[in-house]
Each structure stands twice: as structure tokens, then as C-alpha cells.
Amino acid sequence: MPEIPTPTHFSSSGGYLINPHLYDINNLTVLTQQRLDPWPWSRGWVHAMGVAIFLAGWIFIFSLFHLHDIYVDSRRLRTSLANNTKHHRIRGSVDNRTVYDRLATHLRQFTYLRSKKWRLASVSLGSALLVIAGFGYPMLYIFTQFPYYRLHYWWGPPGISGRAGMMGVATVPFIVALGMKANLVSVVTGVGHERLNMFHRWLGYLALVLGIIHAIPFFVQRTKEEGMEGVRVMFASNIVYWNGVASLVLLAWLCGASIPWFRRLAYEFFAYTHMVVGIAFIGCMIWHCANMLSSWSYLFAALGIWGACGLYRIFVKTNLVRGGILKGDRATFSKLSDDGVKITIPTKMKWKPGQHVFIRVPGISWTDNHPFTIASVMKAENLVAKTDRHSSGRATPEEESYNDVVIVFKPFKGFTRKAFELSRKFPDLTLECFLDGPYGGLPRPLEAFDTVLLIAGGSGITPVVAHLQDLCRKMKTGAALTRDVRIVWTVKRFQSLEWFKDEIAAASRMLPPGTVHVQYFITQEVAVQLPEGPVSATRQWPGEVKFPTEPPSPYANSPDAPYARPPRSPPPAYPPPVHTLPTVEEEAAQRLSIYTCATAPSRPVSYVFNRHDVKSSHLSLPPLDTRQSISPVPNFGDDVMIEFGRPLLRTGLRPWAQSFGKRTCVYVCGPEAMKVDVTNAVAGLQRDVWAVEGREEVFLHTETFGY
Ligand SMILES: Cc1cc2nc3c(=O)[nH]c(=O)nc-3n(C[C@H](O)[C@H](O)[C@H](O)COP(=O)(O)OP(=O)(O)OC[C@H]3O[C@@H](n4cnc5c(N)ncnc54)[C@H](O)[C@@H]3O)c2cc1C
């Protein structure tokens with residue numbers, strides 16, 4: 001019968017000793033064994049340090065990428081824009097494809113890829129590889145070192161448990177850091193918290209796996225040596241086994257509840273319990289680890305990160321205390337067509353296009369706090385630094401610092417459904433709200449790209465509208481290198497276009513005709529009457545050759561702006577498009593263009609009515625009795641084309657790419673299937689970047705409306 005330690009067995013730090021025999025200086029066998037062991041228990045901190053360096057190393061690498069992008073984009077903008085004004089020429093060329101560009105092109109060819117299979121649509125191959133590496137390194141480290149067990153449990157914890165346990169402890173501060181909304185990792189890598197959340201989750205799963213690998217050998221060894229009685233004695237002898245199991249149970253809860261299926265059941269319940277259980281888990285771990293080896297450094301670091309980010313969020317990001325305790329902003333709810341809801345909030349908060357904000361409306365629910373992308377941009381005068389305004393002698397009126405945050409959404413079951421009902425019952429209702437943000441956004445400036453392609457599905461248009469407004473403003477004032485902007489917006493019903501068609505038209509009219517191309521796709525309705533001389537964007541755009549070597553914004557500051565035509569174009573930098581035989585999908589796209597309506601602007605001749613999910617390649621006129629609503633096609637403005645059916649994004653981007661500029665940004669925000677098509681198409685386009693001399697990059701950004 002083994003000796004049951006009494007509470008007098010304390011470690012130097014004051015915690016209970018897990019295995020007091022290890023510290024028994026009178027036990028010569030143990031002492032000898034400890035001396036001979038190349039990896040004595042006391043060196044366990046090395047396992048943790050390895051994981052910390054591994055994870056911090058990845059963050060460091062992505063920070064370097066981010067710094068590189070910041071440097072290249074700002075240098076490109078500075079050099080090109082300065083060289084277009086006579087007096088400030090800057091030496092140096094920005095037109096070369098660098099080694100970094102070449103490397104990035106090769107990597108993007110496969111890291112951008114996604115699959116619709118096995119519910120993996122939300123994960124790119126690059127992210128999946130990072131997760132695999134994250135699991136691969138600890139598993140190899142743990143299982144390729146021997147022995148797994150010591151000869152007797154008296155001689156120390158099983159080696160495999162020591163390695164797994166310490167590695168698990170080292171993941172905790174990284175899990176916390178990756179999960180915060182006000183996120184330190186976002187600051188250094190430029191990746192928003194909503195995208196880091198996936199790594200937060202997977203690192204949590206890894207910690208759970210490591211915790212299980214840590215725990216099981218203790219049971220196995222005791223059972224082998226002393227049977228179930230040994231396990232009973234083990235639990236009776238030391239609280240450390242109890243708080244160890246408690247930590248594991250809490251971690252299992254955190255991981256299980258964060259599986260998307262469970263989260264969807266009750267998001268608010270998940271969010272609040274996640275925070276409470278998370279803190280309980282760290283508390284339990286502090287108790288369990290009893291300051292052994294370097295464990296407390298990691299656990300207190302985790303608490304420190306949680307506290308610092310939380311306080312920063314409360315005091316800087318939210319208006320819970322800013323501008324007076326619990327004095328929020330006023331949110332006006334209005335009704336949009338096709339079940340849309342628009343909330344407008346005049347606020348002093350500052351944001352960048354593409355960023356999102358969390359909104360809490362106590363009048364609807366105190367507990368609900370939901371993220372929505374801001375679909376508006378700040379007023380131009382509020383973007384000017386305060387000092388500039390004051391030095392210009394103009395006082396800043398109080399209203400000037402206010403900007404309208406506009407958010408738009410469709411109803412689901414919870415908060416959005418209640419907001420929808422309110423907007424219908426009480427038009428222009430105003431309620432107090434608390435904003436928390438802004439967060440996220442695009443890590444690179446769109447204006448540093450020659451061509452910008454913005455693709456949206458449904459309410460994914462919100463960041464696109466904000467980016468478009470900002471970009472057009474910069475192009476108009478000559479602060480952008482962008483020469484060519486294209487927008488694809490896919491909606492189910494025609495009425496949804498009402499949400500932002502005016503904003504899109506107004507933004508594109510800031511620039512000369514032909515600069516901003518807008519293409520709307522309506523997927524669940526078809527045209528019954530073809531307009532005279534239908535125009536198909538799908539067939540005509542690829543034939544257009546752009547000239548990316550043109551100096552940026554030659555028409556900026558022109559007296560005739562915004563409608564001034566650009567000066568004569570220089571000779572084309574790229575070869576004209578080669579016409580080859582169309583593929584089956586291209587033919588389908590052409591059939592789609594011919595049989596459906598792509599109306600020329602300002603010709604209100606087309607009518608629409610509902611039809612269920614029309615597949616692009618099987619379009620036919622629906623029977624008349626399915627007709628539900630009729631609405632004339634309104635005037636959408638210049639360079640706007642409408643097609644009925646789904647855009648063939650997977651194959652359709654390639655012909656467009658022939659006229660891409662040197663550096664192109666493809667931005668997509670929409671349903672997963674759309675993202676998969678676009679990301680795979682952009683991965684395929686990397687080969688073109690490689691093949692066409694003078695082309696430097698096609699960068700992809702996918703915006704996420706969920707975790
Ligand atoms: C960064 C970001 C930006 C977004 N921007 C927009 C936008 O501009 N327009 C738009 O229509 N939608 C946007 N969404 C989605 C929007 O936040 C959810 O649709 C909304 O929170 C659902 O609320 P609900 O209570 O009505 O949903 P429920 O019916 O309860 O759930 C519907 C879905 O929304 C998810 N969800 C619920 N609450 C939250 C929450 N607090 N945080 C994250 N997901 C949640 C659930 O997991 C579920 O999948 C965005 C989401 C994110 C993460």
C-alpha cells in the first residue's frame with residue numbers, strides 16, 4: 001500500500017506536491033534516477049518554451065509580411081503620386097516585380113484554394129496548413145521522444161504527460177490573445193479578430209488534446225501498477241488530480257460549445273458562458289499547476305492579456321463610459337425594401353471603410369451585442385486632422401465631428417428579427433444604442449492597387465459600398481493609383497438593389513464614365529421582356545483593354561471634374577486579349593447573356609417577377625401564373641449592367657483578368673459558395689501574374705460575416 005502524503009507536503013512555492021517521493025532526499029533510488037535522466041522533471045519548462053517560440057514565431061512571420069505590405073503600398077503610393085506632380089519627383093522605380101512578389105504569387109496559387117466539400121468552405125488551404133502545422137509540431141514532439149513512462153510512478157510523472165501538459169499550458173496565453181475583440185495580434189499582423197477567431201478555436205482544440213494526452217498516462221500507470229485502488233488513492237492523496245480533471249472538463253466545455261452547430265443554437269448564451277467558463281478554466285489551471293516549472297508565467301500572462309484587452313475595449317472601443325457613463329448614441333431604425341433594415345447612428349466614433357462595429361440596443365435587449373459592417377464612410381472634413389482644421393483658422397463646429405454609422409441587414413431569428421419588426425411597426429423609431437468598435441477592416445489600402453474588383457453577395461455589399469465610396473473619393477482627389485474599379489453584386493431579388501444603388505451610382509459618378517463598372521446579378525428572378533439591343537457585360541468587358549501604366553487620376557482637380565474624360569491613353573502595356581474557342585462554361589455564360597436581360601442604363605423597359613432559384617445555365621421564361629410582382633427597372637446610372645442568373649465567378653474572372661493592372665485587389669464578401677468560387681479563381685489567376693511580364697500581384701481579401 002503506497003504512502004498517502006499528508007498536507008505537510010508543500011512545494012517551495014506553497015502548493016501541494018504532486019509526487020512527494022520525487023523530493024525525498026533520503027530516497028537514493030529516486031535521486032539516482034533523477035540524476036541519470038537526460039530530461040528530468042525539472043526541465044519541463046523547455047517543452048512550454050518550445051510551443052511559445054513556435055506560436056510567437058508564426059505571429060512574427062505574419063507581422064513581417066504585414067510590415068512589408070505597409071512599406072510597399074505606402075512607397076508605391078508616395079512615389080507614384082509624387083512623380084505625377086512636377087515639383088516633387090522621387091527617385092526610384094516602383095514598377096518591378098520583386099522576389100517577394102514572385103514568392104507570394106507561388107504561395108497564393110495554393111494557399112488561397114478552398115473546397116466546398118466536408119463543410120470546409122470557410123477555410124482556405126493556407127489556414128488549414130497552419131492548423132495542421134500547429135497540431136503536427138506538438139504531436140511529433142510528444143510522441144517521438146521516449147520513454148513515455150518512467151519505471152515507477154514514484155520516479156516522476158510520465159514523460160509523455162510532462163511534455164503534453166507543459167505544451168498545453170504554453171498555448172493558453174495565445175488562445176486568449178487570438179480570441180480578444182480588441183486584439184493585439186490584429187495590430188501586428190493586420191488580420192482582424194473575426195479571422196483570427198478560427199485560430200483561437202483550433203488552438204483551444206489543440207490545448208484540449210494536449211490536456212487529454214497529459215492526463216491519461218497518470219491513470220494508465222497507476223492502474224497498471226496498483227489497479228483501480230491505486231487510482232482511488234491517487235485522487236484521495238492530492239487535490240491536484242481533482243483540479244486537473246476540473247480544468248479538463250471546463251476546457252472541454254469551452255471547445256464543445258464553440259463548435260459552430262452549438263453556437264448557432266443560442267449565440268448569446270454561448271458568448272457569455274464562454275467568458276465566465278474561460279476565466280474559471282484559467283483559475284483552475286493556476287490552482288492545478290501550483291507554480292510548477294514555468295506554468296504560472298503563461299497563465300498570468302493569459303490573465304494579463306485578457307485584462308488589458310478587456311479594459312482597452314471597455315474604455316476606448318465602447319461608448320459605455322466614453323462621453324458619460326452609460327450615455328449611448330441614438331440609433332434610428334428604418335425600413336428598406338426586400339425585408340432590409342437600416343440603422344443610422346450619428347456618432348463621434350472614427351472608423352475606416354470595411355470595419356465593423358458591435359451594436360447593443362438596450363431597448364431591444366441588454367444582452368445582445370451584434371457585429372455589423374459599417375456601410376458608410378466618414379465625412380471628408382472629419383478625415384482632416386484636427387490641427388489642420390484649426391491651423392486653417394476654421395473653428396470646428398460640434399456637429400462636424402459627428403459621422404453617420406449606417407448598418408444594413410436582413411432578419412434572422414434573434415436581434416435582427418426584433419429590429420426588423422420594430423422598423424416595420426414604428427417607422428424611423430429612435431432608440432439608445434451602445435457601439436463597440438470599430439474592428440477589422442482591410443489590411444492594405446485599396447487605393448494602392450491599379451485594379452480593384454469588389455464582389456458581394458446579398459448583405460455582403462455593406463463593406464463594398466463603404467470601400468467604393470472611399471476609393472472613388474480618393475481617385476477623384478488624385479490620392480489613389482487605382483484606374484479601374486469593377487463591382488459585382490449578386491442579390492436574390494431585384495428589390496434588394498434599392499439598398500445601395502443610389503450610393504453606388506453617386507460614388508461612380510464622381511469619376512469619368514468608364515472608370516467604375518457595376519454589374520448586378522439577380523438570381524431568383526428573370527426578365528420577361530428583353531430591352532432593345534441588350535448589352536452583356538459578360539461578353540463585352542473582357543474585350544476592353546485597360547492601360548495601367550497611365551499616370552493616376554489625370555482628371556483629378558480638373559475644372560470639368562467629375563465628368564471630365566481622361567486624356568488620350570498611352571499604348572497598351574499588355575497584349576490585347578487573345579480570342580480562343582470558348583469553354584463549355586463560357587458558352588453557358590454567353591447563352592445566359594443572350595437569353596437574359598442586361599439592360600442598358602436609363603432604359604426603363606424591363607420587367608421582373610419572382611421565380612425560384614434560377615440556375616444560370618438553365619434559364620427559360622417562367623410560366624405566367626408564377627408571376628407575383630412587377631416593377632419597372634429604374635435608372636441605375638452609367639456603366640451599370642444587370643443580368644439575371646448566377647455569375648460564373650469560378651471561370652468568369654479569367655477573361656476579365658486580361659485587363660487587370662499591375663497590382664489588383666479582389667475583395668469578396670458574401671455566401672461561402674461565392675467565396676469558394678472567387679478564391680479558387682484568384683488562386684488560378686496567380687499563374688497569369690507569373691506569365692505576364694509587368695504584372696505584379698493579384699491580392700485577395702475575403703470578408704467574413706461569422707466566426
Ligand atoms: C464581422 C461581422 C460583420 C458582419 N456584418 C454584417 C452586415 O454588415 N450585415 C449583415 O446582415 N450581417 C452582418 N453580420 C452577421 C450578423 O452579425 C448576424 O447575422 C447577426 O448577429 C445575427 O443576429 P441574430 O440574433 O438575429 O441571429 P440568430 O438568428 O440568433 O443567429 C443567426 C446567425 O448569426 C450568428 N450570430 C448571432 N449572434 C451573433 C454575434 N453576436 N456575433 C456573431 N455572430 C452571431 C449565429 O451564430 C447564427 O449563425 C456580420 C457578422 C460579423 C461577424
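Whatever order the structure lists ligands and atoms in, that order sets their numbers, starting from 1. Computed over heavy atoms, backbone and side chain alike; hydrogens, waters and symmetry mates excluded. Bear in mind that the values here come from a model prediction, so they are computed numbers and not experimental data.
Under a 4.0 angstrom heavy-atom cut-off, Gly706 registers as being in contact with ligand 1. Ligand 1 has Asn369 within reach: a non-hydrogen atom of the residue lies less than 4.0 Å from it.
Within a 4.0 Å radius of atom 40 (C) of ligand 1, the protein contributes one or more non-hydrogen atoms. Contact annotation for atom 1 (C) of ligand 1: protein present (non-hydrogen atoms, distance under 4.0 Å). Taking a distance limit of 4.0 Å, we find that atom 25 (O) of ligand 1 is approached by some protein heavy atom. The protein does not reach atom 34 (O) of ligand 1 closely, with no heavy atom under 4.0 angstrom from it.
Between Arg417 and ligand 1, a contact under 3.5 Å exists for no N or O pair. The shortest N/O to N/O separation between Thr373 and ligand 1 falls below 3.5 Å. Looking at ligand 1, you won't find any N or O of Phe358 less than 3.5 Å from one of its N or O atoms. Looking at Arg263 next to ligand 1, no N or O pair under 3.5 Å apart turns up. Every N/O-N/O distance between Phe372 and ligand 1 stays at or above 3.5 Å. Between Phe409 and ligand 1, no pair of N/O atoms sits closer than 3.5 Å.
Under a 4.0 Å N-O distance rule, the pair Arg360/Asp436 does not qualify as a salt bridge.
Proximity of a side-chain donor or acceptor of Lys335 to a complementary backbone N or O of Gly340 within less than 3.5 Å is not detected.
The local environment of OH in Tyr267 is crowded, with over 12 non-hydrogen atoms from other residues, nucleotides or ligands closer than 6.0 Å. Lys410 NZ: more than 12 foreign heavy atoms inside a 6.0 Å radius. Within 6.0 Å of OH in Tyr272 there are more than 12 heavy atoms belonging to other residues, nucleotides or ligands.
Side-chain N/O atoms of Thr347 and Asp329 include a donor and acceptor closer than 3.5 Å. Donor-acceptor pairing under 3.5 Å is recorded for the side chains of Arg114 and Thr702. In this structure, a donor-acceptor pair under 3.5 Å is present between the side chains of Gln519 and Glu643.
Atom 21 (O) of ligand 1 has His370 ND1, 2.7 Å as its closest protein atom, hydrogens excluded (heavy atom only). The single protein non-hydrogen atom nearest to atom 13 (C) of ligand 1 is Phe705 CD2, 3.6 Å, given as residue, atom name and distance. The nearest heavy-atom contact from the protein to atom 9 (N) of ligand 1 is Val408 O, 3.1 Å. With respect to atom 31 (O) of ligand 1, the closest heavy atom belonging to the protein is Phe412 CB, 4.5 Å. With respect to atom 30 (O) of ligand 1, the closest heavy atom belonging to the protein is Gly414 N, 3.9 Å. In terms of protein heavy-atom proximity, atom 48 (C) of ligand 1 is nearest to Arg264 CG, 3.4 Å.
Considering only residues two or more places apart in sequence or on other chains, Trp366 meets the ring pair (Phe, Tyr, Trp, His ring centres under 6.0 Å) condition with Phe434. Looking at residues two or more places apart in sequence or on another chain, you find a ring pair (Phe, Tyr, Trp, His ring centres under 6.0 Å) between Trp489 and Tyr520.
The six-membered or imidazole ring of Tyr205 lies near that of Trp202, with a centre-to-centre distance under 6.0 Å.
At a 4.0 Å heavy-atom cut-off, ligand 1 touches Thr462 through the side chain alone. For Tyr267, every heavy-atom contact with ligand 1 shorter than 4.0 Å involves the side chain, none the backbone. Using a 4.0 Å cut-off between heavy atoms, Ile407 makes no contact with ligand 1 at all.
Ligand 1 places these atoms under 4.0 Å from at least one heavy atom of His356: 1 (C). In the vicinity of Thr704, heavy-atom distances shorter than 4.0 Å reach the ligand 1 atoms 1 (C), 2 (C).
Considering Phe409, Phe358, Phe705, Tyr439 in turn, Phe409 is the only one that fulfils the ring pair (Phe, Tyr, Trp, His ring centres under 6.0 Å) rule with Phe372. Of the residues Lys474, His467, Arg473, the one that meets the side-chain hydrogen bond (donor to acceptor under 3.5 Å, both in side chains) test with Glu447 is Lys474.
Counting heavy atoms from C-beta outward, Pro411 and Asp339 have side chains that approach closer than 4.5 Å.
Nearest-residue assignment for atom 16 (C) of ligand 1 (options Ser459, Pro371, Gly437, Pro463; heavy-atom criterion): Pro371. Between atom 29 (O) of ligand 1 and the options Glu703, Lys413, Arg195, the minimum heavy-atom separation is to Lys413.
Taking the six-membered ring where tryptophan is involved, the planes of Phe65 and Phe62 are perpendicular, since the angle between them exceeds 60° and thus also 30°.
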